[in-house]
Asks: 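This structure is in structure tokens; I'll ask about it shortly.
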Amino acid sequence: ELMDGDIICFQRWDQDLLTTSELPTVNDYFRDLHNRVEVLFCDKNVANDPGFSVTLSLRMNYMQVAKAVSAHLEVDPMMLQFFKGQAYRDAPGNALRCTYEGTLRDLLIYYKPRGPKKLYYQTL
């Protein structure tokens, strides 16, 4: 039964679209939309760096985040090192290994829901 405020979505069935699209179904699109987050990246070696924002998915792994940031900085993703932010002060914390197997959601779990999500980086 439909109620006020319900959203009805239609999807065209196109086999080519299903195999070539990054988000081939309506469910994939809304799941991606739900997991989007804007992350502020600041250079660890520059005091008071205003940083830059990149819109990412909370389901991204370390390499996917590195590729997105490296595209913005125009450097090799293997030449970036990331650092978690410290929960009690606005400073870089421990370095993340490039073999980190968690997701971006795991890295940002300690931030307030409405507060800015911040990670630090340095170019090697």
Side-chain angles (χ1 to χ4, degrees):
E1 180 178 315
L2 294 176
M3 299 180 72
D4 288 345
D6 285 350
I7 299 172
I8 301 174
C9 297
F10 295 94
Q11 180 175 344
R12 201 177 70 212
W13 183 260
D14 185 353
Q15 191 62 35
D16 294 335
L17 185 64
L18 290 174
T19 57
T20 60
S21 177
E22 186 177 324
L23 303 170
T25 66
V26 172
N27 288 341
D28 292 333
Y29 172 77
F30 280 106
R31 188 174 299 119
D32 180 68
L33 190 63
H34 175 73
N35 286 306
R36 279 189 200 164
V37 65
E38 192 168 317
V39 181
L40 179 64
F41 288 92
C42 297
D43 192 332
K44 174 188 181 265
N45 299 317
V46 177
N48 299 322
D49 181 27
F52 59 91
S53 293
V54 179
T55 302
L56 303 171
S57 172
L58 289 172
R59 299 182 317 165
M60 287 181 155
N61 61 28
Y62 182 94
M63 268 322 287
Q64 291 170 321
V65 172
K67 286 179 182 177
V69 173
S70 69
H72 181 83
L73 295 172
E74 298 177 355
V75 297
D76 182 13
M78 296 305 290
M79 299 304 289
L80 289 174
Q81 183 174 27
F82 295 104
F83 299 82
K84 286 184 182 182
Q86 294 181 3
Y88 52 89
R89 64 182 197 153
D90 192 23
N94 297 332
L96 296 170
R97 295 181 183 268
C98 64
T99 57
Y100 179 75
E101 294 189 13
T103 62
L104 186 59
R105 173 177 278 129
D106 301 331
L107 294 175
L108 301 176
I109 197 166
Y110 298 108
Y111 287 94
K112 295 175 184 169
R114 300 261 183 218
K117 315 294 191 245
K118 186 187 282 190
L119 291 176
Y120 294 87
Y121 72 92
Q122 75 176 358
T123 305
L124 303 173

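None of the values given here were measured: they were computed from a predicted structure.
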Asks: Given F82, which of Y120, Y62, Y100 fulfils the ring pair (Phe, Tyr, Trp, His ring centres under 6.0 Å) condition?
Replies: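 Of the listed residues Y120, Y62, Y100, the ring pair (Phe, Tyr, Trp, His ring centres under 6.0 Å) partner of F82 is Y62.
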Asks: With a 4.5 Å limit on heavy-atom distance, are the side chains of V26 and Y29 in contact?
Replies: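 With C-beta onward as the side chain, the pair stays apart.
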Asks: Measure the shortest side-chain to side-chain distance between L80 and T123 over non-hydrogen atoms and say whether it is less than 4.5 angstrom.
Replies: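 With C-beta onward as the side chain, the pair touches.
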Asks: Please report the interatomic distance NZ(K84) to CG(D106), rounded to the nearest 0.5 Å.
Replies: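 Going from NZ on K84 over to CG on D106, the span is 8.5 Å.
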Asks: Taking atom SG of C42 and atom CZ of F52, what is their separation to the nearest 0.5 Å?
Replies: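 Rounded to the nearest 0.5 Å, the SG-CZ separation comes out at 8.5 Å.
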Asks: If I take atom CG from residue L56 and atom NZ from residue K117, how far apart are they, to the nearest 0.5 angstrom?
Replies: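 Reported value, rounded in 0.5 Å steps: 12.5 Å.
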Asks: Using side-chain contact (heavy atoms from CB on, under 4.5 Å), reason through F83 and N94 one step at a time and then give a plain yes or no.
Replies: CA-CA 6 Å; F83 299 82; N94 297 332; over 6 Å; no
Asks: Can you give the donor-acceptor pairs under 3.5 Å from side chains of residues 34-41 to other protein atoms, not counting sequence neighbours?
Replies:
from	atom 1	to	atom 2	distance (Å)
N35	OD1	R105	NH2	2.8
N35	ND2	R31	O	2.9
R36	NE	D32	OD2	3.3
R36	NH2	D32	OD2	3.4
E38	OE2	S53	OG	3.3

Asks: Which pair of non-hydrogen atoms, one from Q64 and one from M60, has the smallest distance, and what is that distance?
Replies: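 Distance-wise, the nearest heavy atoms are OE1-CA, 3.1 Å.
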Asks: Kindly compute the distance separating CG (L119) from NZ (K44), expressed to the nearest 0.5 Å.
Replies: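 NZ of K44 is found 14.0 Å from CG of L119.
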Asks: After noting the C-alpha distance and the side-chain angles of V65 and L107, does the key distance pass the side-chain contact (heavy atoms from CB on, under 4.5 Å) rule?
Replies: CA-CA 11 Å; V65 172; L107 294 175; over 6 Å; no
Asks: Roughly how far apart are T103 OG1 and R59 CZ, rounded to 0.5 Å?
Replies: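 Output value for this atom pair is 10.0 Å.
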Asks: CG of N61 to NZ of K67: how many Å apart, nearest 0.5 Å?
Replies: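 Between N61 CG and K67 NZ, I get 8.5 Å after rounding to 0.5 Å.
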Asks: Please say whether more than 12 non-hydrogen atoms of neighbouring residues, nucleotides or ligands are located less than 6.0 Å from CE in M78.
Replies: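 Count not over threshold, so no.
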Asks: Are more than 12 heavy atoms from other residues, nucleotides or ligands located less than 6.0 Å from atom CG of D6?
Replies: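 Result for CG/D6: enclosed.
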